[in-house]
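Only one structure is covered here, and it is reproduced in the block below.
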There are 2 protein chains.
Amino acid sequence: MAQTESAEKSGTRAEMREETERAILDAAEVVFAEAGFGGATMQAIADACGLPKANLHYYFASKEKLYRRVVERIFMIWLEAADSFDTEAEPEIALRRYIARKMLLSRDYRSGSKVWANEVMHGAPIIQDYLETTLQAWTETRVAVIRRWIAEGRIAAIDPKWLLYMIWATTQHYADFAHQVETLNRGPLTDAQWQDATETVCGIVLRGIGLDPGAPR
Amino acid sequence: MAQTESAEKSGTRAEMREETERAILDAAEVVFAEAGFGGATMQAIADACGLPKANLHYYFASKEKLYRRVVERIFMIWLEAADSFDTEAEPEIALRRYIARKMLLSRDYRSGSKVWANEVMHGAPIIQDYLETTLQAWTETRVAVIRRWIAEGRIAAIDPKWLLYMIWATTQHYADFAHQVETLNRGPLTDAQWQDATETVCGIVLRGIGLDPGAPR
DNA sequence: AGAGACCTTGACTGGTTGGTCAGGTCTGCT
DNA sequence: AGCAGACCTGACCAACCAGTCAAGGTCTCT
């Protein structure tokens with residue numbers, strides 16, 4: 001019973017190791033999201049993925065190393081999505097696509113978003129270097145693009161940073177504050193609500209910077 | 001030395017008690033904001049306000065009770081600010097005033113905002129009742145007002161909830177994600193930047209729902 | 001089949017934390 | 001002055017937690 005996991009077909013050694021690590025990372029992401037780094041316990045993570053606590057320490061040297069891996073994984077997903085902000089496309093298209101993508105992430109990677117929020121909120125002790133390098137660089141390229149749009153008179157003259165923050169904040173709100181949103185909504189958002197919220201956010205942002213949102217969809 | 005606090009003139013018994021409690025709450029707010037509930041220790045809070053740990057337990061029965069008081073205090077401040085959303089005023093005025101007020105709160109009560117965000121993000125285990133009663137009620141009155149504006153054709157037809165979330169998210173972002181904002185900004189926001197950010201948020205939101213932002217200020 | 005690497009796990013440990021308490025100090029009142 | 005009650009605090013404790021370990025199981029390769 002031991003080696004082979006419950007419902008998983010056993011593959012090669014490396015495959016199984018990867019699978020187990022992913023199972024632990026998934027469980028850790030949820031537990032860290034629910035309780036924060038300090039509030040999470042290795043035992044809780046172990047329970048969440050049905051492994052003895054000692055196994056976690058076999059695959060990840062320490063709680064902090066495990067946490068770092070969780071945060072890094074989130075950041076990678078976030079970065080991929082960031083590329084949907086196409087620097088070549090028209091402003092309406094680029095912004096619409098980016099906002100829609102981020103809304104999808106908020107719906108599908110709620111825990112990940114929460115872990116990231118937690119980390120940044122507590123001063124980013126683990127991933128400060130990412131903020132200063134990767135995120136900084138990405139932000140600067142997009143700021144440059146938005147500035148170009150402004151220079152070309154295509155959108156209103158605003159500081160691009162405030163616009164980006166607005167998009168990040170609004171979209172991530174649906175993940176980080178999901179509990180509040182769902183309480184006020186008396187239940188989870190329906191597909192139609194997700195779509196309507198996305199369309200509304202796009203509409204306000206686009207119109208807000210002087211663009212014509214055009215036809216929804 | 002004991003009874004009288006360092007630089008505080010001793011007042012009446014009740015006054016001194018209140019002062020000490022406030023000092024503890026202030027320290028607790030900062031520590032909880034930095035480390036989360038689980039990560040915060042009573043010792044750290046004690047150190048932050050220069051009192052022996054045992055004193056904290058004299059004034060607050062348990063860590064959880066102290067935390068609850070901290071969160072309740074935040075919520076009250078938040079509620080007060082919420083009243084600047086004047087249900088009688090013109091849409092431009094009411095929204096402008098509300099957004100500006102919330103931006104100010106983000107600047108001046110950063111720790112409080114973080115504690116609130118933490119609490120909600122972790123499923124609001126302590127203040128679920130507030131969400132369901134006070135916040136629900138407040139939200140409904142404002143939703144009704146926004147609906148009226150829509151019915152009168154004064155603003156675009158959008159679901160008011162998405163608008164409120166956008167305002168909450170965007171303004172609170174400057175507190176909760178202050179570390180990220182300041183990293184990307186390579187330093188704290190200047191007064192001028194705060195003002196510019198506020199104006200930009202107001203502008204995008206107002207224009208976004210079909211209003212004329214009018215003259216800044 | 002046998003060796004050796006890899007994996008699993010219950011039991012254990014040293015350190016930390018929330019919370020307690022007894023004994024002391026101070027304040028305001030009579 | 002003297003007393004009662006509020007306030008302060010160092011020392012202590014039980015619970016909990018990250019991390020360790022040794023013993024045993026399983027897989028792969030020859």
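Note on naming: letters A, B, ... go to the chains in the order of the sequence lines (proteins, then strands), and numbering restarts at 1 for each one. No experiment lies behind these values; they were computed from the predicted model shown.
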Any Lys/Arg nitrogen of B/Lys114 or B/Glu29 sitting under 4.0 Å from an Asp/Glu carboxylate oxygen of the other?
no

Salt bridge B/Lys102-B/Glu80, side-chain N to carboxylate O under 4.0 Å
no

Who are the salt bridge (charged side-chain N to carboxylate O under 4.0 Å, His left out) partners of A/Glu72, not counting sequence neighbours?
A/Arg68

To the nearest Å, how far apart are [X] [atom1] and [N] [atom2]?
X       : N      : atom1 : atom2 : value
B/Glu19 : D/dA6  : CD    : P     : 20 Å
A/Glu21 : C/dC6  : CD    : P     : 14 Å
A/Gln43 : D/dA18 : CD    : P     : 9 Å
A/Met42 : C/dT16 : CE    : P     : 18 Å
A/Ile45 : D/dC17 : CD1   : P     : 12 Å

Just wondering, are more than 12 heavy atoms of other shown residues or ligands nearer than 6.0 Å to OH in A/Tyr109?
no

Check the phosphate of C/dC7 against A/Arg17, side-chain N and O only, distance under 4.0 Å to OP1 or OP2. Yes or no?
yes

Enumerate the residues from residues 53-69 of chain B whose closest heavy atom to DNA chain C is under 4.0 Å, giving them by residue number; use none for an empty result.
B/Lys53, B/Ala54, B/His57, B/Ser62, B/Lys63

Does the side chain of B/Gln43 pick up a donor-acceptor pair with the side chain of B/Asp47 at under 3.5 Å?
yes

Students often get this wrong, so: under 4.0 angstrom with heavy atoms, is B/Ala40 touching a base, only sugar-phosphate, or nothing?
sugar-phosphate

Tell me whether the rings of B/Tyr174 and B/Trp194 are parallel (<30°), tilted (30 to 60°) or perpendicular (>60°).
tilted

